[in-house]
Protein chains: 2
Amino acid sequence: MPRMALNDRRDELVEAAIRVMARDGVVKATTRAIVAEAGMTLGVFHYCFDSREELLKRVTATITERTIADARRVFTREGDLPDMIRASLRAFWGGVEANPGENLVGYELTQYALRNPGLEDVARLQYVQYLEANAEFLELMAKDAGIEWTIPLPTLARYVNAVLDGVTISWLADRESEDSLAVLDLLGDYLTEHSRPVG
Amino acid sequence: MPRMALNDRRDELVEAAIRVMARDGVVKATTRAIVAEAGMTLGVFHYCFDSREELLKRVTATITERTIADARRVFTREGDLPDMIRASLRAFWGGVEANPGENLVGYELTQYALRNPGLEDVARLQYVQYLEANAEFLELMAKDAGIEWTIPLPTLARYVNAVLDGVTISWLADRESEDSLAVLDLLGDYLTEHSRPVG
DNA sequence: GTCTATAATGGGATAGAC
DNA sequence: GTCTATCCCATTATAGAC
């Protein structure tokens, strides 16, 4: 068996955990299921992490960063404002439909944090990061298109985040892609209508 | 010990389960915790329900109906359209802030259903009911105010549902009441702007 | 019908050989 | 450092006395 640096081991366990969670859910991602996925033995788990909870914290941070990085990657800055918005939203949505399981994991982890005393800050941090990312995207679009938003940025970012979360959750439940896309287009129109040329 | 009809027993267990879940979360609502809350013994549980899963199905149906009934109760039909919308949204929000735990349970149950093969329809039904309720509210408002919506009803209902879900979830994570209310007001404005007097 | 006791399972964590 | 074996606990579900 190869000897690996402790940090590499940890990363492999985190990746294995994410795969198991995406497939079967957070609850079913037991230490045993995770080490099996990683091709390791149970003993090594508690050599890498003090507890399952410590792993979950790291998984949460990783998933949050990855989700934002994915959004940043598909974020489109070409064309006029309506095009930019619409293309970005649709690219985001492609990611959701391509990977329902991993998307659901994000919400499961929020709830895990909210239900376990001492982890409230994990959930809070998750949303701080998501809201900041949304604000960043909105600012980039405004800059590129030479407009400003007519709604205060933190409020608008929360609004966008709410629609994206909400439309994702209802889609996870009923898989109505067409209606979901229609809602995203409404959000796009909404954003366009709340911009004005910058003086 | 009082002898009760089987259905009364079941109802009591469902209510006890909801209390435990609101307090501690769905995962921690074990059969033991539920019967303890109900003041019953473990043996009686499997006399009333075949399995914990069967109880959870009934709890999901009950919570969904109750959430919609609560919304119907606070739904306001007085004043002009903007008043109606704003008052209803704020009344809805009062319920969320007054009862974070019970609200979170709804999302936990959706995810439980999505993660347990064979229960997908439970999640789907939940959202069918929520979307229908939102459509119903929108139609009532339109009728009372003598307007019609400029967006197809199913799409608009999904949009409203998405914002409500999304703003609730982010609030559960970060408890930013002020920003959340601002988002709800934006939703209210949005609805007003997408109405027109009926010919 | 109601209870206690217990079976059967699966979990997180740990001890200790190698 | 790595593994196996095991501890100890909590869970769902059931058996069987009363």
Side-chain angles (χ1 to χ4, degrees), chain A residues 1-21 23-60 105 108-109 111-113 115-119 122, chain B residues 1-14 16-21 23-60 108-109 111-113 115-119 122:
Chain A
M1 281 298 138
R3 302 253 302 245
M4 305 178 66
L6 188 57
N7 272 328
D8 292 349
R9 270 286 151 105
R10 279 202 261 255
D11 289 347
E12 283 213 4
L13 281 169
V14 166
E15 292 307 321
I18 290 174
R19 288 196 298 277
V20 175
M21 288 177 192
R23 199 170 58 226
D24 302 321
V26 169
V27 172
K28 299 208 176 88
T30 63
T31 52
R32 284 172 161 84
I34 294 165
V35 295
E37 174 76 24
M40 302 183 194
T41 59
L42 192 53
V44 79
F45 184 92
H46 286 285
Y47 170 69
C48 294
F49 294 101
D50 283 349
S51 65
R52 177 175 183 261
E53 181 171 307
E54 199 194 305
L55 168 79
L56 287 185
K57 279 192 203 176
R58 194 175 275 232
V59 166
T60 305
V105 172
E108 293 180 277
L109 289 170
Q111 296 182 2
Y112 178 88
R115 286 304 193 185
N116 289 86
L119 297 187
V122 173
Chain B
M1 282 296 138
R3 302 253 301 246
M4 305 178 66
L6 187 58
N7 270 328
D8 292 349
R9 270 283 152 103
R10 278 203 262 255
D11 288 348
E12 282 212 6
L13 281 170
V14 166
I18 290 174
R19 288 196 298 276
V20 175
M21 289 178 191
R23 200 170 55 228
D24 302 321
V26 170
V27 173
K28 299 207 176 88
T30 64
T31 52
R32 283 173 159 81
I34 293 166
V35 296
E37 174 77 23
M40 303 183 193
T41 59
L42 191 53
V44 80
F45 184 92
H46 286 286
Y47 169 69
C48 293
F49 293 101
D50 283 349
S51 65
R52 178 176 183 260
E53 181 172 307
E54 198 194 306
L55 168 78
L56 288 185
K57 279 193 203 176
R58 194 174 276 233
V59 166
T60 306
E108 292 180 278
L109 289 169
Q111 296 181 3
Y112 178 87
R115 286 304 192 184
N116 289 85
L119 297 187
V122 173

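What you see is a predicted model, and the numbers here were worked out from it, not measured in a lab. Lettering follows sequence order; numbering is per chain, from 1.
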I need the minimum non-hydrogen distance between B/M21 and B/A29, along with the two atoms involved.
CG-CB, 3.5 Å
Interatomic distance, A/E54 CD vs C/dG12 P [rounded to whole Å]
15 Å
Could you check how far CZ of B/F49 sits from P of D/dT11, rounded to whole Å?
19 Å
Nearest-Å distance for atom pair CG/P, residues B/L13 and C/dG1:
16 Å
Whole Å only: how far is the CG atom of A/D24 from the P atom of C/dG10?
15 Å
Spacing between A/L55 atom CG and C/dG11 atom C1', to the nearest angstrom
15 Å
Below 4.0 angstrom from OP1 or OP2 of D/dT2, is there any side-chain N or O of A/R9?
yes
With B/L55, the side-chain contact (heavy atoms from CB on, under 4.5 Å) member among B/I34, B/T60, B/D50, B/T31:
B/I34
Closest heavy-atom pair, B/R52 versus B/T30, reported as atoms and distance to 0.1 Å, is NE-CA, 4.3 Å
Result of checking A/K28, A/R23, A/R32 against A/E37 for salt bridge (charged side-chain N to carboxylate O under 4.0 Å, His left out):
A/R23
Let me know the distance between CD of A/E12 and C1' of D/dG1, rounded to the nearest Å.
15 Å
Mark up nucleotides 13-18 of chain C, 5' to 3', with B wherever a protein heavy atom is under 4.0 angstrom from a base atom, S wherever such an atom reaches only the sugar-phosphate, and - elsewhere.
BB----
Evaluate the side-chain proximity of A/Y47 to A/L6: yes if any heavy-atom separation is below 4.5 Å, no if none is.
yes
Measure OH/B/Y47 against P/C/dT4 and give the value in whole Å, please.
17 Å
Measure the shortest side-chain to side-chain distance between A/L109 and A/V59 over non-hydrogen atoms and say whether it is less than 4.5 angstrom.
yes
